[in-house]
**Q** 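Have a look at the structure that comes next, please.
All ligand and atom numbering here is 1-based and tracks the order in the structure.
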Amino acid sequence: MRVGLYGGTFDPIHNGHLHVIRELISRNIVDRLLVVPAGEPRLRESAPVASGADRRQMCVEAVNSLEADIKNKVEVNPIEVLRQGPSYAIDTVEAIAATYEAATIALILGTDAYEKIDQWHRAAELKSMVEFIVIDRPDFPGAPNLEIGALAVSATDIRSKKSDQIPAPVAAYIKEHNLYASK
Ligand code: ATP
């Protein structure tokens, strides 16, 4: 059993993320996938714009919009948004490893995120505990080990209204809660 851990700010979750999720499940690269919105991520110049509760809820709505055979294998895990202070991947991996005892844990990252892995908290230990699935990302350099024809969209583009590549329920949530209004 291979459990994928897909962490990110998800500020907001967008079609690029959903494409990653669909490919990982439909190609049987992981048996289960945990989408883990970050609490207060490190290595970012500024804190997330939307609250943890809003980012978590947008992930839930986005996952619910997926086809049944995909979403059955995906869950949004709130461990990091419920934690106080910065969230470290290693802490999340340790918690997941305790729940899925016999499973292999695979961390899913875009090339941009993987480039910074050596700066992560307890990086050596983290590397010894997980496999990495590094996904191609258009417009970002790096060496992916999984090519999925990733979409050229970022949350930054969504917040600044340069792109509208988000699922309809997420668009409705943003509108209803007036998120990213002046971004
Ligand atoms: P921002 O623009 O705010 O930095 P982002 O779009 O990069 O956000 P994150 O929440 O930081 O989104 O991304 C979570 C994970 O998904 C990271 O590992 C990132 O590399 C990856 N990712 C983000 N967008 C894509 C995409 N379009 N295709 C493939 N992977 C992606």
**Q** At under 4.0 Å between heavy atoms, is it the side chain or the backbone of D112 that contacts ligand 1, or both, or neither?
**A** side chain
**Q** For E67, does the CD atom sit with more than 12 other heavy atoms under 6.0 Å from it, leaving out its own atoms?
**A** yes
**Q** Using heavy-atom distances only, which candidate in S160, A150, P138 approaches atom 28 (N) of ligand 1 most closely?
**A** A150
**Q** I'd like to check which ligand 1 atoms, numbered from 1 as shown, lie under 4.0 Å from a non-hydrogen atom of G8.
**A** 10 (O), 14 (C)
**Q** Counting heavy atoms only, which of G110, P12, G7, A38 comes nearest to atom 18 (O) of ligand 1?
**A** G110
**Q** What atoms of ligand 1 come closer than 4.0 angstrom to any heavy atom of R159?
**A** 3 (O)
**Q** Measure the spacing between NZ of K73 and CD1 of I25 and express it to the nearest 0.5 Å.
**A** 6.5 Å
**Q** If you measure every N/O of D136 against every N/O of ligand 1, is any gap under 3.5 Å?
**A** no
**Q** Just how far is it from atom CG of D69 to atom CZ of R22, taken to the nearest 0.5 Å?
**A** 10.0 Å
**Q** Is it the case that atom CG in N64 sees more than 12 heavy atoms from other parts of the structure closer than 6.0 Å?
**A** yes
**Q** Under 4.0 Å, heavy atoms only, figure out whether ligand 1 is touched by the backbone of V20, its side chain, both or neither.
**A** side chain
**Q** Between CD of E131 and CG of L5, what distance do you get to the nearest 0.5 Å?
**A** 12.5 Å
**Q** At a non-hydrogen distance cut-off of under 4.0 Å, which region of F140 contacts ligand 1 (side chain, backbone, both, or neither)?
**A** neither
**Q** Quick one: which ligand 1 atoms are inside 4.0 Å of a heavy atom on S154?
**A** 2 (O), 6 (O)
**Q** Would you find a donor on one side and an acceptor on the other, under 3.5 Å apart, between the side chain of D11 and the backbone of A50?
**A** yes
**Q** Taking 4.0 angstrom as the limit and counting only heavy atoms of A113, give me the atoms of ligand 1 inside it, by number and element.
**A** 18 (O)
**Q** Compute the shortest N/O to N/O distance between T111 and ligand 1 and return yes if it is under 3.5 Å, no if not.
**A** no
**Q** Give a yes or no on whether the backbone of G16 and the side-chain of H14 come within a donor-acceptor separation of less than 3.5 Å.
**A** yes
**Q** Need the ligand 1 atom indices (1-based, order shown) with element for anything under 4.0 Å from a heavy-atom of F10.
**A** 10 (O)
**Q** I need the atoms of ligand 1 closer than 4.0 Å to a non-hydrogen atom of L151, numbered in the order shown.
**A** 26 (C), 27 (N), 28 (N)
**Q** For ligand 1, is there an N or O atom under 3.5 Å from any N or O atom of A155?
**A** yes
**Q** Roughly how far, to the nearest 0.5 Å, is CG of L33 from CZ of R2?
**A** 11.5 Å
**Q** Report the distance from atom OH of Y88 to atom CH2 of W120, rounding to the nearest 0.5 Å.
**A** 13.0 Å
**Q** What distance do E80 atom CD and R55 atom CZ have between them, rounded to the nearest 0.5 Å?
**A** 9.5 Å
**Q** Tell me, please: is L109 in heavy-atom contact with ligand 1, that is, under 4.0 Å?
**A** yes
**Q** For ligand 1, which atoms have a heavy atom of G16 less than 4.0 angstrom away?
**A** 27 (N)
**Q** Determine whether the side chain, the backbone, both or neither of H19 has a heavy atom under 4.0 Å from any heavy atom of ligand 1.
**A** neither
**Q** Any nitrogen or oxygen of R137, side chain or backbone, less than 3.5 Å from one on ligand 1?
**A** yes
**Q** With no hydrogens and no angle check, is any side-chain donor or acceptor of H177 less than 3.5 Å from a backbone partner on A172?
**A** no
